[in-house]
*Asks:* 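Sending over a structure as structure tokens; questions will come in a sec.
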2 protein chains.
Amino acid sequence: MVRTPASSARIKSAPARKKKVVRWNGAPGLKGQRREAILRSVGSVLRNSRLSSLTIQDIASELGMTKGNLYYYFKDKQDILYQCHMRCMELSLRALQEAMANDGAPSEKLRILLIGHIHGILDDGFGSILQTDLESFWPDQRKRYIRKRDDLERGVRSLIEAGVLLGEFECDNVKLAGFSILGAINWIPKWYHPSGPFSSDQIAEEMTDYFLRGLQRHDGVARKAPRERSSSKNGTNNYHRMLAT
Amino acid sequence: MVRTPASSARIKSAPARKKKVVRWNGAPGLKGQRREAILRSVGSVLRNSRLSSLTIQDIASELGMTKGNLYYYFKDKQDILYQCHMRCMELSLRALQEAMANDGAPSEKLRILLIGHIHGILDDGFGSILQTDLESFWPDQRKRYIRKRDDLERGVRSLIEAGVLLGEFECDNVKLAGFSILGAINWIPKWYHPSGPFSSDQIAEEMTDYFLRGLQRHDGVARKAPRERSSSKNGTNNYHRMLAT
DNA sequence: TTTCAATTTGAACCGGGATTAAAAAACTTT
DNA sequence: AAAGTTTTTTAATCCCGGTTCAAATTGAAA
């Protein structure tokens with residue numbers, strides 16, 4: 001685990017809470033805020049040092065706190081990982097809602113969903129968490145997570161199907177297409193690095209373009225314009241290294 | 001780790017080798033064969049019990065041998081994982097060679113490559129190994145592996161580029177398209193199960209179809225018939241129209 | 001049968017990392 | 001300032017899983 005001396009945002013000690021404030025034992029409130037901060041920092045640790053060998057110690061020292069102190073905020077390690085998974089998934093589900101709210105063609109909705117999904121994964125640093133297994137989750141944790149994940153998958157598939165029904169898309173196997181798209185996205189954190197050649201914007205836009213292109217019906221009818229990119233942040237012509245092999 | 005009582009092929013003890021036989025300290029030979037058998041069994045363990053928490057003990061008991069005995073054949077655990085990675089990658093590189101040997105259009109070559117790649121990952125059980133990190137590798141192991149992996153990635157990209165130059169493909173960002181395709185494939189072992197609804201054949205064929213469809217030029221010109229498999233490796237005669245970009 | 005090398009066993013070793021619990025510190029309230 | 005609660009530290013503890021090693025076993029050759 002790479003020690004990043006400057007990156008740690010060293011959280012101030014949480015003052016003892018005021019009494020009298022109505023609060024269920026949950027998210028907001030001082031302790032809850034602290035929890036969120038810790039989770040964010042896990043994202044941060046994962047960001048600039050990819051790996052599955054993430055130790056409690058790493059998280060603690062990123063925050064300038066002690067190993068044991070983490071156990072005041074979380075039951076155990078898998079709880080932390082689980083929360084990260086959920087945060088990440090909720091970002092994606094928000095993108096799904098946003099997509100569904102839009103009144104455009106299925107392709108437009110799907111575009112919104114996928115771009116939001118990718119940004120959620122890359123920009124909040126929780127992306128790398130996707131590599132970890134669900135094995136270690138408690139049954140009800142896994143169940144809760146799976147449910148949300150299935151919502152997302154179903155959302156993608158239903159948009160593809162809608163496009164097929166409207167004649168906008170053409171797709172032999174909706175389920176496999178969905179797996180392809182989501183798998184490709186889940187894999188991004190394996191190679192993405194913030195200081196790498198691709199911005200998360202570019203990745204989101206261009207990969208989504210590719211995914212959608214594979215769905216468009218290919219009889220030449222009703223093809224949409226190549227669609228205007230927002231700010232021409234396309235990475236210049238990338239014809240570096242083209243060995244004909 | 002799921003104990004699979006019947007699945008273990010319990011290897012016979014390797015008899016002491018005959019002397020006088022010329023042999024470098026490497027692959028074939030009795031010890032070498034034993035090594036291969038062990039690696040195959042790792043694949044088998046991974047197959048019917050997905051996870052990253054693969055222990056030496058698991059591997060040993062799958063083979064009906066002892067923990068310690070494994071260290072007679074391999075230096076350490078990461079060596080075993082490394083070898084699995086290499087076996088898996090070599091299958092894919094074989095698909096690359098096969099693809100390059102074929103004299104068809106880039107799309108046909110790419111199809112051969114991707115289908116072979118997917119089969120290599122799913123059918124030999126090494127696929128799940130892809131989820132593990134390369135972190136734990138020794139530097140030269142990592143270097144050797146990365147080199148091969150880069151060969152594969154370059155192979156994919158060069159085929160896409162060739163298709164673009166020949167006017168068969170159209171692709172905004174070759175590198176991101178390549179990442180999309182390979183990422184989607186690497187992710188398959190996360191959801192694939194041999195007894196699931198999809199055969200590896202079906203996955204290979206239909207996902208590859210989808211990947212290629214996203215690359216076909218979409219101006220309605222020179223579109224190929226919905227694709228006839230195998231024979232008719234046309235495409236060798238359209239050398240006009242070299243779109244730049 | 002004896003001998004020697006190859007193989008296997010089984011127990012012990014060992015370190016690292018998660019987890020816990022008790023005490024200390026910090027902060028609030030009265 | 002005293003009391004009480006929340007937060008943090010510190011120092012064990014615990015346990016798992018990789019690794020080592022000497023001894024036992026096996027098999028081949030002489």
Side-chain angles (χ1 to χ4, degrees), chain A residues 1 3 8 10-21 23 25 28-38 41-42 45 49 51-82 132-133 135-138, chain B residues 1 3 8 10-21 23 25 28-35 37-38 41-42 45 49 51-83 132-133 135-138:
Chain A
M1 175 86 17
R3 211 68 282 295
S8 58
R10 184 142 320 201
I11 292 178
K12 275 191 74 95
S13 290
R17 74 171 191 196
K18 298 197 173 63
K19 279 176 176 173
K20 308 296 166 47
V21 180
R23 184 186 308 111
N25 187 2
L30 287 176
K31 201 166 168 183
Q33 288 172 17
R34 202 90 206 286
R35 280 212 190 87
E36 295 302 325
I38 292 172
S41 122
V42 173
V45 176
S49 66
L51 73 167
S52 51
S53 64
L54 171 71
T55 124
I56 287 280
Q57 184 58 262
D58 292 328
I59 302 172
S61 40
E62 169 79 13
L63 288 156
M65 64 162 55
T66 312
K67 242 188 349 174
N69 196 6
L70 282 174
Y71 286 82
Y72 178 70
Y73 293 98
F74 295 95
K75 184 178 163 301
D76 50 23
K77 185 182 178 181
Q78 36 185 264
D79 190 22
I80 297 180
L81 276 330
Y82 166 70
T132 70
D133 259 329
E135 301 277 340
S136 55
F137 286 3
W138 298 109
Chain B
M1 174 85 18
R3 210 70 283 296
S8 58
R10 186 146 315 206
I11 293 179
K12 274 191 77 96
S13 291
R17 73 172 191 196
K18 297 196 177 61
K19 281 176 175 173
K20 308 298 165 46
V21 180
R23 183 186 308 110
N25 187 2
L30 287 175
K31 200 167 170 183
Q33 289 173 16
R34 203 87 206 287
R35 281 212 190 87
I38 292 172
S41 123
V42 174
V45 176
S49 66
L51 72 168
S52 52
S53 64
L54 170 71
T55 118
I56 288 281
Q57 184 58 261
D58 292 327
I59 303 172
S61 39
E62 168 81 12
L63 288 155
M65 63 162 56
T66 311
K67 243 189 349 175
N69 195 7
L70 282 173
Y71 287 81
Y72 180 70
Y73 294 98
F74 295 94
K75 184 177 162 302
D76 51 21
K77 186 183 178 181
Q78 37 184 263
D79 190 23
I80 297 179
L81 276 329
Y82 166 70
Q83 300 289 347
T132 70
D133 260 329
E135 300 276 339
S136 55
F137 286 3
W138 298 111

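Please read these numbers as outputs of a predicted model, since none were measured by experiment. Computation of the quantities below employed the complete heavy-atom set of this structure, encompassing side-chain atoms and omitting hydrogens, waters and symmetry-equivalent molecules. Chain identifiers are assigned alphabetically (A, B, ...) following the order of the sequence lines, protein sequences preceding nucleic acid strands; residue numbering begins at 1 within each chain.
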*Asks:* Cation over ring, A/Lys75 on A/Tyr82, under 6.0 Å and within 45°?
*Replies:*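 Here A/Lys75 fails the 6.0 Å and 45° test against A/Tyr82.
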*Asks:* Using a 4.0 Å heavy-atom cut-off to protein, can you give one letter per nucleotide of nucleotides 15-21 of chain C, 5' to 3': B if the base is in contact, S if only the sugar-phosphate is, - if neither?
*Replies:* ---BBB-
*Asks:* In whole Å, I'd like the distance from the NZ atom of B/Lys31 to the P atom of D/dG27.
*Replies:*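 For the pair B/Lys31 NZ and D/dG27 P, the rounded distance is 18 Å.
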*Asks:* Would you check if B/Leu70 and B/Tyr73 make a side-chain contact, meaning some heavy-atom pair closer than 4.5 Å?
*Replies:*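 No, every pair of side-chain atoms sits at 4.5 Å or beyond.
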*Asks:* State the NZ-CG distance between A/Lys77 and A/Leu54, to the nearest 0.5 angstrom.
*Replies:*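 A/Lys77 atom NZ to A/Leu54 atom CG measures 5.5 Å (nearest 0.5 Å).
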*Asks:* Could you give the CG-to-C1' distance, from B/Leu70 to D/dG18, as a whole number of Å?
*Replies:*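 That distance rounds to 11 Å.
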*Asks:* Kindly indicate whether the side chain of B/Ser136, heavy atoms from C-beta on, has any atom under 4.5 Å from the side chain of B/Leu81.
*Replies:*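 In short, these two side chains do not touch, never coming nearer than 4.5 Å.
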*Asks:* Rounded to whole angstrom units, what separation is found between the CD1 atom of B/Ile80 and the C1' atom of D/dT19?
*Replies:*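 Whole-Å distance recorded here is 12 Å.
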*Asks:* Can you find a pair of side-chain heavy atoms, one from B/Ser53 and one from A/Asp133, that are under 4.5 Å apart?
*Replies:*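 Side-chain contact under 4.5 Å: no.
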*Asks:* To the nearest Å, give me how far apart CG (B/Leu63) and C1' (C/dT7) are.
*Replies:*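 Distance, rounded to whole Å: 15 Å.
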*Asks:* Going from CD1 on B/Ile38 to CE on B/Met65, what distance comes out if it is rounded to the nearest 0.5 angstrom?
*Replies:*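 Result: 4.5 Å between the selected atoms.
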*Asks:* Just how far, in rounded Å, is P of D/dT8 from OH of A/Tyr72?
*Replies:*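 Nearest whole value for this atom pair: 8 Å.
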*Asks:* To the nearest Å, give me how far apart CD1 (A/Ile38) and C1' (D/dT8) are.
*Replies:*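 One finds 12 Å between C1' of D/dT8 and CD1 of A/Ile38, rounded.
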*Asks:* If the cut-off is 4.0 Å, is B/Arg34 near the phosphate of C/dT8, judged by side-chain N/O to OP1 or OP2?
*Replies:*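 It does, given that an N or O in the side chain of B/Arg34 lies less than 4.0 Å from OP1 or OP2 of C/dT8.
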